[in-house]
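Notes follow once the structure below has been shown.
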Amino acid sequence: MLSKLKTELESLANPEQAKILQRFFKTGEGQYGEGDIFLGIKVPVQRQIAKKYDLNLNEIQDLLNSEIHEHRLVGLFTLIGKYNLSKKTIAPLGVYPGRAQEPLTRPQSTECRGKEVFDFYLANTKNINNWDLVDVSAHKIVGDFLYDKKKEILYELAKSDNLWERRIAIISTFAFIKREQFDDSLAIAEILLKDNHDLIHKAVGWMLREVGKRDVGVLKEFLKQHYKNMPRTMLRYAIEKFEEGRRKKYLKGEI
């Protein structure tokens with residue numbers, strides 16, 4: 001199964017597109033994606049390929065260990081699929097349609113329990129090592145799993161020396177924002193206000209903008225306290241949906 005998936009990906013490789021992607025994702029020496037290798041396959045195609053293969057966690061681990069970017073991304077798409085299956089509600093075996101019953105929540109297999117997938121994901125943060133890999137997966141697995149649970153792990157990740165773990169921390173809170181829960185997003189944004197990496201500035205600004213789309217008053221109150229000390233990129237992302245005059249006032253420090 002795994003070898004067939006890899007063979008299919010190899011057959012779709014586009015060397016010219018790969019060169020473009022390697023520049024876009026900063027794979028040069030000293031850049032954040034140093035050494036990352038691309039086949040040059042478009043993301044929608046990778047999503048479709050992931051749906052075709054029912055991989056176990058060992059096979060997904062093989063993909064995540066790969067130096068090829070598309071292997072890791074397809075591995076994450078497959079992992080998200082397993083996590084979503086773990087939340088399915090299925091009638092117990094032997095219960096017939098129409099009979100009164102309590103639904104039974106159970107995994108599709110022993111490897112797709114939500115906690116198992118969550119733990120597996122966090123054990124692989126070293127392999128979730130570019131911004132697109134984080135952005136497609138963190139909120140769908142880590143954030144969704146932690147929504148109704150204690151969230152200390154996100155605060156630990158937010159203080160990590162690892163760039164991608166810090167990005168996982170803030171992007172995971174997108175799952176909370178979508179459910180109108182903003183406190184953890186704002187608290188982690190505060191932790192990351194003085195971060196020195198542009199990719200964190202963008203991620204925090206993006207999550208703040210998402211908060212503002214749901215409750216602009218909450219965003220304005222956060223900005224009132226912090227906007228003069230925020231990195232410029234973070235502020236630009238956060239206020240992107242404001243009308244032009246107000247954006248200019250924020251950028252000039254006149255609010």
Side-chain angles (χ1 to χ4, degrees), residues 43 47 50 73 76-90 102-108 112-125 128 131-160 164-193 195 199-227 230 234-235 237-242:
V43 172
R47 289 184 188 275
L73 186 54
L76 288 170
F77 286 143
T78 307
L79 192 64
I80 292 166
K82 281 196 172 293
Y83 178 78
N84 290 338
L85 280 176
S86 77
K87 301 192 298 178
K88 294 281 186 180
T89 299
I90 313 168
E102 287 295 321
L104 177 67
T105 301
R106 71 182 184 195
Q108 298 288 326
C112 63
R113 299 177 188 275
K115 178 68 161 58
E116 225 179 333
V117 175
F118 170 80
D119 289 341
F120 179 84
Y121 185 96
L122 290 183
N124 273 283
T125 56
I128 305 168
W131 59 264
D132 63 321
L133 304 178
V134 173
D135 293 0
V136 302
S137 62
H139 62 292
K140 292 181 179 179
I141 296 177
V142 178
D144 188 86
F145 182 79
L146 291 177
Y147 171 67
D148 57 355
K149 301 174 182 66
K150 293 182 179 180
K151 301 173 176 63
E152 287 90 342
I153 184 61
L154 294 185
Y155 291 84
E156 293 176 20
L157 293 173
K159 297 173 183 177
S160 170
W164 308 116
E165 290 187 347
R166 301 199 303 277
R167 189 161 176 122
I168 287 169
I170 188 64
I171 297 298
S172 292
T173 71
F174 198 10
F176 315 152
I177 295 170
K178 290 178 178 179
R179 296 173 170 98
E180 309 286 325
Q181 183 192 101
F182 309 132
D183 289 351
D184 293 294
S185 302
L186 299 177
I188 291 173
E190 278 196 77
I191 291 171
L192 296 173
L193 280 175
D195 199 279
L199 287 176
I200 299 300
H201 303 167
K202 291 176 179 178
V204 173
W206 172 22
M207 291 302 102
L208 291 175
R209 184 178 71 227
E210 292 298 328
V211 169
K213 285 163 65 174
R214 293 158 177 84
D215 191 328
V216 71
V218 171
L219 174 56
K220 286 181 176 178
E221 183 59 32
F222 183 88
L223 292 174
K224 181 179 178 181
Q225 299 177 52
H226 301 294
Y227 88 94
M230 290 169 68
M234 188 186 295
L235 177 60
Y237 271 60
I239 63 176
E240 187 178 21
K241 297 298 181 180
F242 288 1

Is there a side chain to side chain contact (heavy atoms under 4.5 Å, CB included) between Ser137 and Ile128 once you walk through the steps? CA-CA 9 Å; Ser137 62; Ile128 305 168; 4.3 Å; yes
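- When all heavy atoms of Ile188 and Ala169 are compared, the pair lying nearest together is CD1-O, 3.9 Å.
- Considering only heavy atoms from C-beta on, Tyr227 stays 4.5 Å or farther from Leu208 through its side chain.
- Annotation: the span from Asp119 atom CG to Ile153 atom CD1 amounts to 9.5 Å, rounded to 0.5 Å.
- Between His139 and Lys178 the shortest side-chain heavy-atom distance falls below 4.5 Å.
- Counting only heavy atoms from C-beta outward, the side chains of Glu190 and Leu186 never approach each other to under 4.5 Å.
- Going from atom CZ of Arg209 over to atom CE of Met234 covers 13.0 Å, rounded to the nearest 0.5 Å.
- With hydrogens and angles ignored, the 3.5 Å screen pairs no side-chain donor or acceptor of Arg166 with any backbone N or O of Ala158.
- Side-chain contact check for Leu146 versus Phe118: some heavy-atom pair is nearer than 4.5 Å.
- Heavy atoms only, all atoms of each residue included: Ile177 and Ser185 are closest at CG1-OG, 3.2 Å.
- Residues Gly143 and Ala175 approach most closely at C-CB, 3.5 Å, considering heavy atoms.
- A cation-pi arrangement is absent between Lys87 and Tyr83, since the terminal nitrogen or guanidinium carbon is not both under 6.0 Å from the aromatic centre and inside a 45° cone about the axis.
- Within 6.0 Å of atom CG in Asp183, 12 or fewer heavy atoms from other residues, nucleotides or ligands are found, so the atom counts as exposed in its surroundings.
- Put simply, the side chain of Leu154 reaches to within 4.5 Å of the side chain of Phe176, judged on heavy atoms.
- Between Glu152 atom CD and Lys150 atom NZ the span is 6.0 Å, to the nearest 0.5 Å.
- Proximity of a side-chain donor or acceptor of Lys151 to a complementary backbone N or O of Tyr147 within less than 3.5 Å is detected.
- Distance check, rounded to the nearest 0.5 Å: CD of Glu210 to OG1 of Thr173 gives 10.0 Å.
- For the residue pair Phe222 and Ala189, the shortest heavy atom distance occurs at CZ-CB, 3.9 Å.
- Partner of Leu79 under the side-chain contact (heavy atoms from CB on, under 4.5 Å) criterion, out of Val117, Asn84, Asn124: Val117 alone.
- Judged purely by atom type and a 3.5 angstrom limit, Lys159 has no side-chain atom pairing as donor or acceptor with the backbone of Tyr155.
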Should Val136 and Trp131 be marked as a side chain to side chain contact (heavy atoms under 4.5 Å, CB included) after you check the CA-CA gap, both sets of side-chain angles, and the distance that decides it? CA-CA 9 Å; Val136 302; Trp131 59 264; over 6 Å; no
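- By the 4.5 Å heavy-atom criterion applied to side chains, Ile168 and Tyr121 are counted as neighbours.
- Contact check for Leu122 versus Leu157: side-chain heavy atoms found under the 4.5 Å cut-off.
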Chi angles and distances behind the salt bridge (charged side-chain N to carboxylate O under 4.0 Å, His left out) call for Arg179, Asp144: CA-CA 10 Å; Arg179 296 173 170 98; Asp144 188 86; 2.9 Å; yes
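- Rounded to the nearest 0.5 angstrom, Leu219 CG and Lys224 NZ are separated by 13.5 Å.
- Ionic pairing of Arg167 and Asp195 is not present here: no N-O contact between side-chain nitrogen and carboxylate oxygen is shorter than 4.0 angstrom.
- Residues Leu223 and Ile239 form a side-chain contact, since some pair of their non-hydrogen atoms from C-beta on lies under 4.5 Å apart.
- Note: Trp206 and Phe174 have perpendicular aromatic rings, judged against thresholds of 30 and 60 degrees for the angle between ring planes.
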Yes or no on side chain to side chain contact (heavy atoms under 4.5 Å, CB included) for Ile80 and Ile141, after CA distance, side-chain angles and deciding distance? CA-CA 7 Å; Ile80 292 166; Ile141 296 177; 3.9 Å; yes
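- No option in Leu133, Val134, Thr125 other than Val134 meets the side-chain contact (heavy atoms from CB on, under 4.5 Å) test with Trp164.
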Evaluate the side chain to side chain contact (heavy atoms under 4.5 Å, CB included) criterion for residues Tyr237 and Met207: first the C-alpha distance (whole Å), next the side-chain angles of each, then the deciding distance (0.1 Å), finally the verdict. CA-CA 9 Å; Tyr237 271 60; Met207 291 302 102; over 6 Å; no
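- The CD atom of Glu116 sits 11.0 Å away from atom CZ of Phe145, with the distance rounded to the nearest 0.5 Å.
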